Student: 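Have a look at this one before I ask anything.
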Amino acid sequence: MYDLVVIGGGSGGVRAARMAASYGARVAVVEEYRYGGTCVIRGCVPKKHFVHASRFPELFEVAPAYGWTVSSKFDWDTLRDNKDKEIARLESVYRNLLNNSGVEVLDDRAEVAGPNAVRLIKQGRDIETRFILVATGGTPFRPDIPGALLGITSNEAFDLKVLPASILIEGAGYVAVEFAGIFAGLGVRTTLVYRRDNVLRGFDPDLRKDLHEAMARRGIIFRFETTIDRLDRAERGVRATFHSGDAENFGAVMFATGRKPNTRNMGLEAAGVDMEADGVVKVDAFSRTSVPSIYAVGDVTGRAELTPVAIREGAAFAETVFNANPTAVDHSLVPTAVFSEPEIGTVGMGEEEAAAKIGDIDVWVTRFRPLTNTLGDKPDRIMLKLITEKDAGKVVGVHILGQGAAEMIQLVAIPMAMGATKADFDRAIAVHPTAAEELVTFKVPSYVYRGGVKQ
Ligand code: NDP
């Protein structure tokens with residue numbers, strides 16, 4: 001009899017398992033694929049390596065202004081194979097972390113066989129447990145169109161045998177804009193097709209506008225207000241027919257149309273676990289499902305599909321169930337980065353949301369060319385934006401687009417979590433010359449909203 005069986009060896013599951021074991025629980029983790037989950041195996045980590053690879057050409061471009069002469073040539077096989085080696089190393093790190101924490105590591109497919117039983121499919125046996133944690137993450141989804149299987153998803157994009165000469169990416173969320181930047185940076189002619197009118201729906205409007213312009217400057221082609229209706233094999237690649245009527249051939253087509261939770265055929269319904277129609281597992285603030293012995297964390301719960309959030313939820317679960325310390329995760333102020341080119345760091349409310357929810361806000365925005373771009377004579381500007389309650393009040397949103405945005409936003413998230421005001425920001429002395437110093441040197445608002453209306 002186990003105290004805990006975790007289904008899924010990704011970020012959330014591994015953290016929960018290790019912490020529960022540290023509190024004395026007898027724990028097993030069951031994973032059918034590779035330990036580390038989406039983030040390590042086919043998400044954040046390999047993606048960031050690809051992003052780094054895609055950024056070299058821009059450095060080569062400005063190099064002559066700094067006195068360097070560079071001749072460059074890119075080899076996809078080298079990047080992909082080195083990425084594979086690094087991912088294999090990280091997977092073994094994850095396995096060792098579990099082993100060293102006293103967690104039993106099972107390589108199998110698991111299904112829920114009842115409130116206190118998990119079926120190991122390959123081994124063909126059931127194991128008993130006091131608690132089950134469902135941490136099975138999500139998987140990319142393809143729209144239901146003819147020829148959909150001719151398109152790849154991010155899963156396959158990481159392992160392409162050959163880099164295509166051109167690619168069409170459908171969607172305009174995190175994955176779409178990140179991969180558009182990667183492919184374009186690696187020299188692939190990149191087109192992005194999206195059913196609405198601009199990238200990153202839900203983000204601050206200045207981030208969306210500036211990112212769209214910067215992506216277009218990098219040669220990315222946009223087809224807005226349409227979708228892919230069908231895909232057919234073409235002589236060299238795939239032919240996409242758009243809802244707008246026209247068609248075009250591409251070396252590859254990638255769907256970045258979102259993700260669905262991995263909850264199908266897992267025995268959850270039969271065990272009595274309540275789920276949304278799309279397979280999201282319903283949980284309370286302590287990650288408990290409708291079955292008291294079954295909990296769920298991470299992407300399956302649809303709260304925020306981000307690794308650090310899953311890790312927090314896994315830790316809070318272990319704290320609640322195995323350390324008698326009920327802990328709920330606050331999902332209200334989650335900083336996040338989009339590794340587009342240029343990258344985005346964002347925390348708190350966007351301008352539209354803050355105007356609607358608070359009414360009286362001050363907006364402080366600046367755009368300027370960072371030093372590398374002045375000497376290198378490149379047009380890209382960094383954008384930093386602060387949204388505060390009126391009269392130097394509480395900072396409710398910070399949005400940055402440009403080099404270093406991801407690193408900056410992590411640090412800004414700290415005073416924001418403490419409830420800092422604009423006056424608190426202003427007390428900090430600027431670090432010069434940096435881009436981030438602008439966050440503490442704003443003198444007058446760029447514009448204000450009163451009663452939700454821009455003045
Ligand atoms: P998103 O939900 O962010 O984006 C999906 C995109 O596909 C949207 O533009 C959506 O349009 C569009 N779409 C959805 N369904 C269809 C359809 N049937 N036909 C055409 N277009 C469609 O999903 P992603 O896969 O990009 O990312 C999933 C999550 O993973 C993110 O929300 C994020 O939390 C996480 N992630 C985080 C990263 C990071 O932290 N840097 C990186 C990558 C992923 P619409 O806007 O109209 O809904």
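This is a predicted model, so every value here is computed, not measured. Numbering of ligands and ligand atoms starts at 1, following listing order. In what follows, residues are counted from 1 in the order of the sequence shown.
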Student: Got a salt bridge between Asp206 and Arg367, using NZ or NE/NH1/NH2 to carboxylate O under 4.0 Å?
Tutor: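 A salt bridge links Asp206 with Arg367.
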Student: Identify whether the distance between the nearest side-chain nitrogen and carboxylate oxygen of Glu91 and Arg34 falls below 4.0 Å.
Tutor: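 Yes, this pair counts.
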Student: Counting each atom of ligand 1 from 1 as listed, which ones have a heavy atom of Glu178 under 4.0 Å away?
Tutor: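 Ligand 1 atoms under the 4.0 Å threshold to Glu178: 39 (C), 41 (N), 42 (C), 43 (C).
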Student: Using a 3.5 Å cut-off on N or O atoms only, is Ala337 in polar contact with ligand 1?
Tutor: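 Yes - when backbone and side-chain N and O of Ala337 are compared with those of ligand 1, one distance drops under 3.5 Å.
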Student: Do Lys83's NZ or CZ and the ring of Phe158 fall within the cation-pi criteria of under 6.0 Å and 45°?
Tutor: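 Negative - Lys83 is either too far from the ring of Phe158 or too far off its axis.
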Student: Does a side-chain N-to-carboxylate-O contact under 4.0 Å join Arg42 and Glu156?
Tutor: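 No, this pair does not count.
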Student: Report the part of Glu305 in contact with ligand 1, treating N, CA, C, O as backbone and CB onward as side chain, heavy atoms under 4.0 Å; options are side chain, backbone, both, neither.
Tutor: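 For Glu305, the contact with ligand 1 is made by both the backbone and the side chain.
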Student: Should the pair Glu351-Lys385 be classified as a salt bridge under the 4.0 Å nitrogen-to-oxygen rule?
Tutor: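 Lys385 and Glu351: salt-bridged.
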Student: Hey, is Ala304 touching ligand 1 through its side chain, its backbone, both or neither, going by heavy atoms under 4.0 Å?
Tutor: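 Answer for Ala304: neither.
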Student: For ligand 1, does Leu306 get within less than 4.0 Å through its side chain, its backbone, both, or neither, judged by non-hydrogen atoms?
Tutor: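 Answer for Leu306: side chain.
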Student: Against the six-membered ring of Phe242, is Arg223 placed for a cation-pi contact (under 6.0 Å from the centre, within 45° of the normal)?
Tutor: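 Here Arg223 passes the 6.0 Å and 45° test against Phe242.
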Student: Among all protein heavy atoms in this structure, tell me which lies nearest to atom 2 (O) of ligand 1, with the distance rounded to 0.1 Å.
Tutor: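 Looking only at protein heavy atoms, the one closest to atom 2 (O) of ligand 1 is Gly258 CA, 4.3 Å.
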Student: Among all protein heavy atoms, pick the one closest to atom 28 (C) of ligand 1 and tell me residue, atom and distance.
Tutor: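 For atom 28 (C) of ligand 1, the nearest protein heavy atom is Arg259 CD, 3.7 Å.
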Student: Identify the protein heavy atom lying closest to atom 19 (N) of ligand 1, giving its residue, its atom name and the separation to 0.1 Å.
Tutor: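 Ranking protein heavy atoms by distance from atom 19 (N) of ligand 1, first comes Arg195 NH1, 3.8 Å.
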Student: For atom 47 (O) of ligand 1, what's the nearest protein heavy atom and its distance?
Tutor: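 So the nearest neighbour among protein heavy atoms is Arg196 NE, 2.5 Å.
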Student: Which residue owns the protein heavy atom closest to atom 26 (O) of ligand 1, what's the atom, and how far is it?
Tutor: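 Looking only at protein heavy atoms, the one closest to atom 26 (O) of ligand 1 is Val175 N, 2.9 Å.
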Student: Is there a donor-acceptor pair closer than 3.5 Å between any side-chain N or O of Arg201 and the backbone N or O of Gly173?
Tutor: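 No: the side chain of Arg201 does not pair with the backbone of Gly173.
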Student: If you have a sec, work out which protein heavy atom is nearest atom 14 (C) of ligand 1 and how many Å separate them, to one decimal?
Tutor: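 Nearest neighbour among protein heavy atoms for atom 14 (C) of ligand 1, to 0.1 Å: Thr257 O, 3.1 Å.
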